[in-house]
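Worksheet: the structure to be examined is printed underneath.
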2 protein chains.
Amino acid sequence: MKIKNSRLDAIRLILSTQEVGSQEELLNELAKEGFKLTQATLSRDLHQLRVVKTVGVKGRYRYVLTRPQQYRHEGASGEMRPVVSPQESVGYQSIKFSGNIAVIHTRPSYASTLAYHIDGCDFPEIIGTIAGDDTVLLVMSEDATKGAVLRALRTIIPNI
Amino acid sequence: MKIKNSRLDAIRLILSTQEVGSQEELLNELAKEGFKLTQATLSRDLHQLRVVKTVGVKGRYRYVLTRPQQYRHEGASGEMRPVVSPQESVGYQSIKFSGNIAVIHTRPSYASTLAYHIDGCDFPEIIGTIAGDDTVLLVMSEDATKGAVLRALRTIIPNI
DNA sequence: AATATTATTGCATATTTTTACTTTTTGTAG
DNA sequence: CTACAAAAAGTAAAAATATGCAATAATATT
């Protein structure tokens, strides 16, 4: 959906530039940009974007983006691809799962950089990582599936 | 006051060990611990703790702690100071469990010190640790519970 | 192209969360 | 101990948010 995607972008933009305390408010901002939708749809959008309502500086509630949203662009064949610098993914070599643990092999010395990126994304599917020189040990959430973890990692390592 | 503080602690403990999707649910958990309060009060507690409602792994809503709050008290000049000495809190920031693994996040560079302390205690609930820069990966004994591990760790990290 | 499948949305409503107001509890100073 | 002030908690109602269902639009399949 073209409309939905640009609307999600608009939401990201608004939330990262101004303080929004309720969905109603956000709805108004979106209206100014020409987006016409109901609160119900907005609720679903926010759910999908994993936006959270926190407590701002003056004790006011505020909606904020959580994980760093990856900007994407349209690939040659029309599909959407993450925009990731090659440096970030070159190190990756393989991933294997066992129970709630995944082991990622990288090129020598790339492990800690990769782990750093993974940690930074705060994926709910991943509770933490430890890096050696060419190995990242990754602990999955109890209820996460391999698929979910792979999907999360794909935002960092497109060709995983 | 006394009651409120221990209740806030209980909330922190519950939220860091189990998935809670609504205030109603959390209220039940608190009741199990002997805390009797209304949902309105809980809403205020959560606001004060800056707890946020996010979207968990399976798309379900979930309440989570944001930044682990530092315990503070009023200093001589009226400003607020952390109560625990850096040594005591050893950079601790958060702990998460998955299966027989716990992942402890610390401030940068604190992980190995913390792991060293944990290892030194020879807790029967913990068979070993590995530390990165800001992450300690902890392997639990087969028969240890999350609660038992937390209780053990509390001797090192009072405000865990 | 026609049909089946899936995704998106609005509407209405249920659920959840916040808040204004009041009462109770707690701490403090006389 | 009593009175006062401040903090905490309950009550009830408002506000905000989530969701089941049905309609519609987009996408895929034959």
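Everything numeric here is computed off the predicted structure, so don't read it as measured data. Here is how names work: the chains are called A, B, and so on, in the same order as the sequence lines, proteins then strands, and each is numbered from 1.
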Which angle, rounded to 10°, do you find between the first-five-pair axis and the last-five-pair axis of the helix from C/dA1-D/dT30 to C/dG30-D/dC1?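 Axis angle across the helix from C/dA1-D/dT30 to C/dG30-D/dC1, nearest 10°: 40°.
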Spacing between [X] atom [atom1] and [N] atom [atom2], to the nearest angstrom:
| X | N | atom1 | atom2 | value |
| --- | --- | --- | --- | --- |
| A/R60 | D/dA15 | CZ | C1' | 13 Å |
| A/L27 | D/dA15 | CG | C1' | 15 Å |
| B/R62 | C/dT16 | CZ | P | 18 Å |
| A/E25 | D/dT17 | CD | C1' | 15 Å |
| B/L42 | D/dT11 | CG | C1' | 16 Å |
| A/L26 | D/dA18 | CG | P | 12 Å |
| A/Q23 | D/dA14 | CD | C1' | 16 Å |
| B/D45 | C/dT17 | CG | P | 14 Å |

Looking only at side-chain N and O atoms, does A/Y63 come under 4.0 Å of OP1 or OP2 in D/dT17?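 Yes.
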Below the 4.0 Å mark, does D/dA18 have OP1 or OP2 next to a side-chain nitrogen or oxygen of A/S43?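 Yes, such a contact exists.
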What nucleotide, of D/dG10, C/dG10, C/dT19, holds the atom closest to the side chain of A/Y61?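 Nearest to the side chain of A/Y61 among the choices is C/dT19.
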Contacts of type salt bridge (Lys or Arg N to Asp or Glu O under 4.0 Å), residue A/D45, not counting sequence neighbours: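 Testing A/D45 for salt bridge (Lys or Arg N to Asp or Glu O under 4.0 Å), a comparison that skips the adjacent residues, returns A/R7.
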Could you pull out all residues at least two apart from [X] that satisfy side-chain contact (heavy atoms from CB on, under 4.5 Å)?
| X | result |
| --- | --- |
| A/D134 | A/T106 |
| B/V139 | B/N100, B/I101, B/I127, B/L137 |
| A/S112 | A/A131 |

For residues 29-40 of chain A, which residues have at least one heavy atom under 4.0 Å from DNA chain D?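 A/Q39, A/A40, in order of number.
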Say you draw a straight line from OG1 of A/T129 to NE2 of A/H117; how long is it, rounded to the nearest 0.5 Å?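 Reported value, rounded in 0.5 Å steps: 12.0 Å.
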Under the 4.5 Å side-chain heavy-atom rule for ILVMFWY, direct or indirect, which residues accompany A/V55?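 Besides A/V55, the cluster holds A/Y61.
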After noting the C-alpha distance and the side-chain angles of B/I104 and B/Y110, does the key distance pass the side chain to side chain contact (heavy atoms under 4.5 Å, CB included) rule? CA-CA 11 Å; B/I104 303 174; B/Y110 278 86; over 6 Å; no
Applying a 4.0 Å non-hydrogen cut-off, can you work out what A/S22 is touching in the nucleic acid: base, sugar-phosphate, or nothing?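 The residue A/S22 makes sugar-phosphate contact but no base contact.
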Return the 5'-most residue of the pair B/R44, B/K53 with respect to DNA chain C, ranking by each residue's nearest nucleotide.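 Looking at the nearest nucleotide for each, B/K53 comes out on the 5' side.
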Quick one: list whatever passes side-chain hydrogen bond (donor to acceptor under 3.5 Å, both in side chains) with B/Q18, sequence neighbours left out.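 side-chain hydrogen bond (donor to acceptor under 3.5 Å, both in side chains) list for B/Q18, sorted by chain: empty.
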Taking only distance into account, with no hydrogens and no angle test, what donor-acceptor pairs under 3.5 Å do side-chain atoms of residues 24-36 of chain A form with protein atoms, sequence neighbours excluded?
unit_1	atom_1	unit_2	atom_2	d
A/E25	OE1	A/G21	N	3.4
A/E29	OE2	A/K32	NZ	3.2

